[in-house]
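Heads up, the thing below is written out as structure tokens.
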Amino acid sequence: MNGPTKERRLSSRSNSGEAEDKVGATDLGRRKRNASVSEPISVIRTSKRTIYTAGRPPWYNESGEMKEAFIIGLSGGSASGKTTVAEKIIQALDFPWVVLLSMDSFYKVLTHEQHETAERNEYNFDHVDAFDFDLCCETLRKLKQGRSVEIPMYDFTTHSRKKQTKQLYGANVVIFEGIMSFVRPELRELMDMKVFVDADSDERLARRLRRDITLRGRNLQGVLHQYNKFVKPAFEQFIEPTLQYADIVVPRGGSNEVAIDLIAQHVHTQLETVKKSLRKHNLAIAHTGQPLPSTLHVLESSKQVQGIHTILRNRDTNRDDFVFYSKRLLRLLFEFALSLLPHQTHIVETPQSTKYEGRKFSGTGLCGMSILRAGETMEPALFSVTKDIRLGKILIQTNARTEEPELHYIRVPRKISEDHVILMDATVATGAAAMMAIRVLLDHDVKEENILLVSLLMAETGVHSVAYAFPKVQIVTTAVDTHLNEHYHIIPGFGNFGDRYFGTE
Ligand SMILES: Nc1ncnc2c1ncn2[C@@H]1O[C@H](COP(=O)(O)OP(=O)(O)O)[C@@H](O)[C@H]1O
Ligand SMILES: Nc1ccn([C@@H]2O[C@H](COP(=O)(O)O)[C@@H](O)[C@H]2O)c(=O)n1
Ligand SMILES: [Mg+2]
């Protein structure tokens with residue numbers, strides 16, 4: 001993807017399939033508060049194994065410390081309206097990168113016998129032992145730190161985890177909801193705000209009957225049996241006692257607009273400093289005091305390189321010159337990138353029958369992967385320095401309405417998993433497209449340490465984001481610019497590289 005285009009702005013994501021159709025669909029920035037929520041998740045296409053989501057770049061506070069995500073914990077009895085309230089908070093928040101994490105994801109995987117018991121509505125899903133609290137806690141902690149997590153997705157109709165998982169890279173706000181979300185102190189400690197969703201028990205039973213029969217594949221008798229045997233006693237034993245930890249109790253759940261607005265307002269106040277630092281982070285120097293990562297390799301800024309940069313950065317440079325000099329710089333860049341690949345000693349015999357001790361690429365294979373459209377401009381230069389290299393392509397475009405990057409097309413060379421992969425994008429601004437492409441490669445079993453992200457020009461924030469999410473990926477460029485403007489364009493930058501190269505300005 002072309003750096004100066006908007007690589008990524010907003011993201012709202014959920015991990016429960018049930019909620020996803022509704023909550024994940026929420027286009028936070030644009031949708032009016034009371035609008036119906038029915039579109040598919042702002043995807044980011046899925047593969048068989050992973051749902052790719054965009055991630056926000058990490059940002060830092062004034063002292064250069066990583067800013068943590070704000071976590072809202074939602075608890076309450078089954079069918080009290082936790083998921084509904086979570087959706088409404090997301091709508092009311094109108095804030096980028098909000099994630100909904102549901103405790104459903106952390107139901108333990110059942111044995112064959114347990115599964116049969118569950119089919120007879122005799123398995124106790126309303127007991128603390130039914131959840132993998134360790135995984136749940138680890139996931140929430142990582143999300144709070146803005147780190148990448150892989151989230152299991154739950155299917156209530158089969159009582160099992162879906163094959164697909166969801167990859168998240170960080171969030172501003174995480175809404176964590178579940179019947180037992182306040183039970184463990186280690187989970188409560190991670191929460192910045194605790195909300196208990198309350199509803200009358202008759203109301204909860206009526207809603208649960210309707211929902212479980214229509215959405216979770218249950219029958220009337222089964223729901224009533226499970227409710228009386230497990231759900232009702234669990235509410236009294238585990239859930240109701242956690243009401244004492246709540247900062248706010250929301251009676252009438254999702255229909256309580258006043259409470260939802262108050263929660264959203266409070267979060268906004270809390271995040272005001274974050275928003276300021278985000279603005280500062282984007283508009284001024286990207287990360288004051290943050291050292292650039294050791295995985296970053298910048299081509300030596302020789303006089304030649306500086307001269308080429310001067311031509312490329314000059315707005316008056318015509319298209320012919322722009323193409324010529326970018327190709328020249330690209331060849332230097334690829335030669336430099338190739339020098340970072342593993343090599344071993346290789347002895348050959350010269351025409352004079354003497355031995356020459358040389359070097360040879362020691363990897364299994366090498367292929368290129370371009371992020372369309374601007375990454376495609378790098379292909380000829382790659383071909384000119386590597387012989388018979390296999391090439392893949394990935395098209396990531398920003399949805400004009402949601403401003404989210406979307407994965408539209410992937411063509412990955414066959415048997416790529418043992419290869420070193422040169423991932424190409426002409427410029428990297430926020431890093432969102434590159435991160436999505438890296439995730440796609442990992443999903444095709446490419447080893448993280450075998451990926452080289454190669455780009456003519458990068459913004460500091462993009463470098464940090466990629467390095468933070470993928471610490472083993474080698475990042476190779478000819479220069480790192482410190483600024484991004486409010487349109488996520490690299491400053492001083494090259495302008496829109498793809499447009500200047502293809503003459504589509
Ligand atoms: N205020 C409400 N009025 C009517 N139905 C509601 C309300 N809140 C939630 N529901 C419905 O009740 C069911 C349970 O709500 P849900 O949000 O899934 O609860 P929880 O996540 O707490 O189990 C869902 O089918 C939902 O659409
Ligand atoms: N396979 C499963 C797993 C869980 N449940 C019930 O789900 C309830 C929790 O989800 P809510 O959205 O209602 O909070 C819990 O009460 C379990 O009984 C299930 O029925 N089947
Ligand atoms: Mg729910």
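For ligands, and for the atoms within them, numbers begin at 1 and follow the listed sequence.
- The closest approach between any non-hydrogen atom of Y154 and ligand 2 is below 4.0 Å.
- The shortest N or O to N or O distance between S80 and ligand 1 is under 3.5 Å.
- Listed by number with element, the atoms of ligand 2 under 4.0 Å from a non-hydrogen atom of D126 are 15 (C), 16 (O), 17 (C), 18 (O).
- Put simply, no part of A118 is less than 4.0 Å from ligand 2, judged by heavy atoms.
- Judged by distance alone, the side chains of H225 and E122 do bring a donor and an acceptor atom under 3.5 Å apart.
- Ligand 1 is never approached by R208 to a heavy-atom distance shorter than 4.0 Å.
- The contact set between ligand 1 and G81, taken as ligand atoms under 4.0 Å from a residue heavy atom, comprises 15 (O), 16 (P), 17 (O), 19 (O), 20 (P), 22 (O).
- Heavy-atom proximity to K82, at under 4.0 Å, picks out these atoms of ligand 2: 14 (O).
- In the vicinity of S255, heavy-atom distances shorter than 4.0 Å reach the ligand 1 atoms 1 (N).
- With ligand atoms numbered from 1 in the order given, ligand 2 contributes 1 (N), 2 (C), 21 (N) to contacts under 4.0 Å with heavy atoms of H159.
- Annotation: H159 is in aromatic contact with F125 [ring centroid separation under 6.0 Å].
- Within ligand 1, counting atoms from 1 as listed, the ones closer than 4.0 Å to a heavy atom of R252 are 1 (N).
- The shortest separation from a heavy atom of A79 to ligand 1 is under 4.0 Å, placing the residue in contact.
- Numbered from 1 in the order shown, with element, the atoms of ligand 2 that lie under 4.0 Å from a heavy atom of R218 read 1 (N), 2 (C), 19 (C), 20 (O), 21 (N).
- Taking only nitrogen or oxygen atoms, main chain and side chain alike, K82 reaches within less than 3.5 Å of ligand 1.
- Coordination check, S78 versus the Mg ion (ligand 3): failed, since every N/O/S atom of the residue sits at 2.8 Å or beyond.
- Relative to the six-membered ring of F131, R184 misses at least one condition, a distance below 6.0 Å or an angle of at most 45° to the axis.
- Near A79, with a cut-off below 4.0 Å to any heavy atom, the atoms of ligand 2 are 13 (O).
- With a heavy-atom cut-off of 4.0 Å, F230 does not touch ligand 2 at all.
- A side-chain hydrogen bond (donor to acceptor under 3.5 Å, both in side chains) with D192 is found for one member of H266, K144, Q270 and no other, namely K144.
- Close approach to G77 involves these atoms of ligand 1, each under 4.0 Å from a residue heavy atom: 22 (O).
- With a 4.0 Å cut-off on non-hydrogen atoms, Y107 touches ligand 2 through its side chain and not its backbone.
- Atoms of ligand 2 lying under 4.0 Å from at least one heavy atom of Q226, given by number and element, are 18 (O), 19 (C), 20 (O).
- For the ligand labelled ligand 2, residue R211 lies inside the 4.0 Å heavy-atom shell.
- Note on E116 versus R120: no salt bridge recorded, every NZ/NE/NH1/NH2 to OD/OE distance being 4.0 Å or above.
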